[in-house]
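This report concerns only the one structure given below.
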Amino acid sequence: MENEDIELAILRKAVGYDVQEIVEEYSGENELLKRKVSSKHLPPDMTAIKTILELKGQQNDLAKMSDEELIQLKTKLLGQLKDLTKGESNESNNSNKQNQV
């Protein structure tokens with residue numbers, strides 16, 4: 001496995017991904033009796049995120065933060081993003097109302 005493959009695998013784990021699980025049941029004559037396919041979401045992994053930051057050589061505070069601190073920062077940033085998008089949505093609604101007048 002090359003370094004690029006490893007980095008891609010860590011990145012995938014850092015952002016979370018979906019995986020399909022396949023369970024098959026066969027008879028004594030190797031006939032397929034049942035096949036169950038289910039999807040499962042694997043959430044982002046904080047250790048993988050830290051690893052990416054370290055691999056990229058970023059010497060910032062994020063790489064030194066604990067999992068709890070990263071979760072708090074994530075929650076804060078998501079709240080700010082929600083507030084920003086809510087403001088944009090309100091501006092869009094206001095401009096639509098003005099265009100209708």
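The line from CD1 of I10 to CZ of R12 is 13.0 Å long, rounded to the nearest 0.5 Å. With rounding to the nearest 0.5 angstrom, the NZ atom of K76 is 12.5 Å from the CG atom of L78. Here the straight-line distance linking atom NZ of K13 with atom OG1 of T51 works out to 9.0 Å at 0.5 Å rounding.
Judged as a salt bridge (Lys or Arg N to Asp or Glu O under 4.0 Å), and not counting sequence neighbours, the contacts of E7 are K56.
The side-chain hydrogen bond (donor to acceptor under 3.5 Å, both in side chains) contacts involving residues 25-34 comprise E24-Y26, where partners must be two or more places apart or lie in separate chains.
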Can you list, pair by pair, the side-chain donor-acceptor contacts under 3.5 Å of residues 35-46, counting residues two or more places apart and other chains?
residue	atom	partner	partner atom	Å
H41	ND1	Y17	O	3.4
H41	ND1	D18	OD1	2.8
D45	OD2	T47	N	3.2
D45	OD2	A48	N	2.9

